[in-house]
Trainee: 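Sharing a structure below in C-alpha cells format, with a few things to ask.
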Amino acid sequence: MTVLDQLVGSWEFTMQHSAMPGPVTGRQRYEWVLDGAFALQHWAYDHPDFPDAMAFLSEERYHYFDVRGIVRIFDVEFTDGGWSMTRIDDDFSQRTALRFRGQDIMEGRGEISYDAGTTWQLDFIITLQRSG
C-alpha cells in the first residue's frame, strides 16, 4: 500500500491557523480518479474566511485549485510515514508536511515564506482523523 492509497477516504480536520484566534474545522476527501492516475482531494471548511478547494495529487505533483480561482502547483515527496509538499515562489512560498499516526490520524504543519524559501514561519498546525 502506498501513501496515496492510505489517503483515500474521508477525513475531518482541526487546524490552528496563524490568522485565527481559535481552531478551524472542516473535511477532506480523497478518491482515485482517471483510472488511478491521480488522487482527487476535496477540501471543505466550516469557516467562511477559508476557501473550499480541490487538488489533483500524483507521486510527483500536487495541483491545487480553489473557489477564488487560485491555482498552485507543489512538488511532492512521499516517505513511509507520510508526505510533504513544497512550492517556492519569489513572493509567497508554502510547504506542508503530514505524518501518519496509525492508519486513521494524520498530523502536520504548514509554513510560509515571503523570501523564496530562505526563511520560514509557521502558518498552521493540523490534525486529521479518518471519518470514513
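Nothing here was measured: the structure is a model prediction, and the numbers come from that model. Only heavy atoms go into these numbers, but all of them, side chains included; no hydrogens, no water, no symmetry mates.
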Trainee: Please enumerate all residues that pass side chain to side chain contact (heavy atoms under 4.5 Å, CB included) together with Asp49, with sequence neighbours excluded.
Mentor: Met20, His47

Trainee: Could you tell me whether the side chain of Met85 reaches within less than 4.5 Å of the side chain of Tyr64, counting heavy atoms only?
Mentor: no

Trainee: Quick one: side chain to side chain donor-acceptor pair (under 3.5 Å) partners of Thr25, sequence neighbours excluded?
Mentor: Asp46

Trainee: Roughly how far, to the nearest 0.5 Å, is OG of Ser131 from CZ of Phe13?
Mentor: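 Phe13 atom CZ to Ser131 atom OG measures 11.0 Å (nearest 0.5 Å).
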
Trainee: Please name all residues satisfying side chain to side chain donor-acceptor pair (under 3.5 Å) with Trp43, sequence neighbours left out, ordered by chain then number.
Mentor: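 Only Gln41, Tyr62 meet the side chain to side chain donor-acceptor pair (under 3.5 Å) criterion with Trp43.
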
Trainee: Taking only residues at least two apart or on different chains, which pairs with a member in residues 77-88 satisfy side-chain hydrogen bond (donor to acceptor under 3.5 Å, both in side chains)?
Mentor: Arg87-Gln94

Trainee: Start with the C-alpha gap between Leu98 and Leu128, add the side-chain angles, then the distance that decides, and say whether side chain to side chain contact (heavy atoms under 4.5 Å, CB included) holds.
Mentor: CA-CA 10 Å; Leu98 293 153; Leu128 299 100; 3.9 Å; yes

Trainee: Taking only residues two or more places apart in sequence, or in another chain, which ones meet Ile73 in a side chain to side chain contact (heavy atoms under 4.5 Å, CB included)?
Mentor: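 By the side chain to side chain contact (heavy atoms under 4.5 Å, CB included) rule, Ile73 matches Arg61, His63.
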
Trainee: Going by the rule side chain to side chain contact (heavy atoms under 4.5 Å, CB included), which residues pair with Pro23 if we only count those two or more places apart in sequence or in a different chain?
Mentor: Thr14, Gln16

Trainee: What pairs with Arg29 under side chain to side chain donor-acceptor pair (under 3.5 Å), at least two apart in sequence or on another chain?
Mentor: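 Glu31, His42.
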
Trainee: Supply the members, apart from Met54, of the Ile/Leu/Val/Met/Phe/Trp/Tyr cluster built from side-chain contacts under 4.5 Å; use none for a lone residue.
Mentor: Val33, Leu34, Phe38, Leu40, Phe56, Phe65, Val71

Trainee: With sequence neighbours excluded, what pairs up with Asp104 under the side chain to side chain donor-acceptor pair (under 3.5 Å) test?
Mentor: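 Testing Asp104 for side chain to side chain donor-acceptor pair (under 3.5 Å), a comparison that skips the adjacent residues, returns Arg130.
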
Trainee: Taking only residues two or more places apart in sequence, or in another chain, which ones meet Ser18 in a side chain to side chain contact (heavy atoms under 4.5 Å, CB included)?
Mentor: Asp123

Trainee: Do Leu7 and Phe100 touch side chain to side chain, with heavy atoms closer than 4.5 Å?
Mentor: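 In contact.
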
Trainee: Output every pair passing salt bridge (Lys or Arg N to Asp or Glu O under 4.0 Å) with a member in residues 91-102, not counting sequence neighbours, ordered by first then second residue.
Mentor: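 Residue pairs passing salt bridge (Lys or Arg N to Asp or Glu O under 4.0 Å), neighbours aside: Arg95-Glu111, Arg101-Glu107.
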
Trainee: Tell me, with the steps shown, if Tyr30 and Leu4 meet side chain to side chain contact (heavy atoms under 4.5 Å, CB included).
Mentor: CA-CA 9 Å; Tyr30 295 84; Leu4 281 171; over 6 Å; no

Trainee: Rest of the hydrophobic cluster containing Phe92 (Ile/Leu/Val/Met/Phe/Trp/Tyr, side-chain heavy atoms under 4.5 Å)?
Mentor: Ile112, Tyr114

